[in-house]
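Following: one structure in structure tokens, then a few remarks.
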Amino acid sequence: MNVVLVLSGGTGTRLGASVPKQYCTIAGKPVIVHTLEQFQKCHGVAGVIVVALAEWRAKILVWKEAYGLSKLWAIAPAGADRQLSIRNGLTAAKGYMKEAAGGVIVQDAARPLTSQDLLARLVQGLEEAPAVMPVLPITDTTYTSEDGEWVSGLLDRKRLFAGQAPEAFHFWPYLKLYEETPTEILSSMSGSCQLPFSKGWKVKMVPGDAENLKITYAADLKTCERKLLER
């Protein structure tokens, strides 16, 4: 059984909109609804936990009913940062998972274009590894700089990959990591794979999707809307 954590606690300040980016309306629906609908359609997903600020709880429940999001199990409180939000989501999912073996998929609410094919690759990857991350190859020549002004080195792009969300993990070992790691250490980390990788987990890479855009800026909203309408 696989559960999904949809992280929706961001305020979207870089977008400059009146509401956080994940709650903006594109193609007739809030961004987060488009994101949740992908998991509603995914056969490999049993349920979803949204992690959000308390003031959005009522609205998300309204959308659940309006758009038939029956897989939405619960809404957990957002933490002070991404890692603490993940921990809150895992804690909320614990009761639903009971003792069943399964995985957890960690997704950004502002990724409405995640495809069913990508989700299938994640679920399949969990049969081979405890952690799975979609990646894209780096196509540009990549340099390093010690001072941000002068080039100091050149990296081999054949060995470089850009990670995407969602990422997937074996649920119970992943929960254990978050329960045992002190808050200050969690808060010093960023990506969902950083903690398990730092503890020696093997992270399997699967092909990502160039269209799996995370909305960050206003132009991203227009791009996602166009692609959603094309679908």
Side-chain angles (χ1 to χ4, degrees), residues 1-12 15 17-79 82 85-86 88-93 95-97 102-123 134 164-168 171 192 209 211-231:
M1 182 170 77
N2 298 309
V3 64
V4 178
L5 307 185
V6 173
L7 306 180
S8 191
T11 57
L15 191 73
S18 59
V19 298
K21 57 193 175 184
Q22 63 270 31
Y23 304 125
C24 291
T25 298
I26 60 173
K29 301 174 185 177
V31 168
I32 190 174
V33 170
H34 290 290
T35 302
L36 292 170
E37 285 181 332
Q38 293 306 308
F39 295 110
Q40 185 70 27
K41 293 186 290 186
C42 181
H43 297 300
V45 168
V48 179
I49 306 290
V50 169
V51 186
L53 295 172
E55 56 262 37
W56 287 97
R57 177 182 175 83
K59 182 64 74 173
I60 293 169
L61 290 175
V62 168
W63 292 331
K64 173 183 178 178
E65 297 302 320
Y67 296 102
L69 302 171
S70 59
K71 288 186 180 180
L72 176 52
W73 282 346
I75 301 172
R82 180 185 181 87
S85 287
I86 291 174
N88 289 351
L90 290 169
T91 300
Y96 293 93
M97 295 296 287
V104 56
I105 298 172
V106 181
Q107 172 68 308
D108 302 312
R111 285 189 187 266
L113 295 172
T114 300
S115 68
Q116 294 297 306
D117 286 343
L118 177 53
L119 295 178
R121 289 196 289 274
L122 287 175
V123 171
Q164 292 186 311
E167 295 142 293
F171 179 83
S192 308
D209 184 344
E211 290 199 353
N212 181 29
L213 177 68
K214 181 181 179 181
I215 296 171
T216 304
Y217 301 105
D220 298 332
L221 280 172
K222 295 180 180 179
T223 299
C224 282
E225 182 167 49
R226 184 181 73 251
K227 291 183 178 298
L228 285 167
L229 291 172
E230 288 173 354
R231 288 182 179 183

Between [X] and [Y], which heavy-atom pair has the shortest distance, and what is it?
X	Y	answer
Ala109	Gln22	CB-CB, 3.8 Å
Leu118	Gln164	CD2-OE1, 4.5 Å
Ala52	Tyr23	CB-OH, 3.7 Å
Pro112	His34	CB-CB, 3.6 Å
Lys214	Arg111	CB-CZ, 3.6 Å
Ser8	Ile32	OG-CD1, 3.5 Å

Got a second to check how far [X]'s [atom1] is from [Y]'s [atom2], nearest 0.5 Å?
X	Y	atom1	atom2	answer
Thr35	Ile215	OG1	CD1	7.0 Å
Asn212	Leu119	CG	CG	8.5 Å
Glu37	Trp63	CD	CH2	12.5 Å
Asn88	Ile75	CG	CD1	13.5 Å
Leu53	Ser85	CG	OG	8.0 Å

Do the non-hydrogen side-chain atoms of [X] and [Y] ever get within less than 4.5 Å of each other?
X	Y	value
Leu36	Tyr67	no
Gln116	Cys42	yes
Val45	Ile105	yes
Phe39	Leu72	no

Can you run down the salt bridge (Lys or Arg N to Asp or Glu O under 4.0 Å) pairs that involve residues 43-63, sequence neighbours left out, and say none if there aren't any?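 Residue pairs with at least one partner in residues 43-63: there are none.
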Just jot down the side-chain hydrogen bond (donor to acceptor under 3.5 Å, both in side chains) partners of [X], sequence neighbours excluded, or say none.
X	result
Asn2	none
Glu167	Ser192
Lys41	none

For side-chain hydrogen bond (donor to acceptor under 3.5 Å, both in side chains), just list the numbers for Gln107 and Thr114, CA-CA rounded to whole Å, side-chain angles, deciding distance to a tenth of an Å, and then say yes or no. CA-CA 9 Å; Gln107 172 68 308; Thr114 300; 2.8 Å; yes
Listed by chain and number, what are the salt bridge (charged side-chain N to carboxylate O under 4.0 Å, His left out) partners of Arg82, not counting sequence neighbours?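 Arg82: salt bridge (charged side-chain N to carboxylate O under 4.0 Å, His left out) contacts with Asp108.
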Which pairs would a plain distance check flag for residues 221-231, meaning a side-chain donor or acceptor within less than 3.5 Å of a matching protein atom at least two apart in sequence or in another chain?
residue, atom, partner, partner atom, Å
Thr223, OG1, Ala219, O, 3.1
Glu225, OE2, Ala27, N, 2.8
Lys227, NZ, Glu211, OE2, 3.4
Arg231, NH1, Leu113, O, 3.4
Arg231, NH2, Leu113, O, 2.8

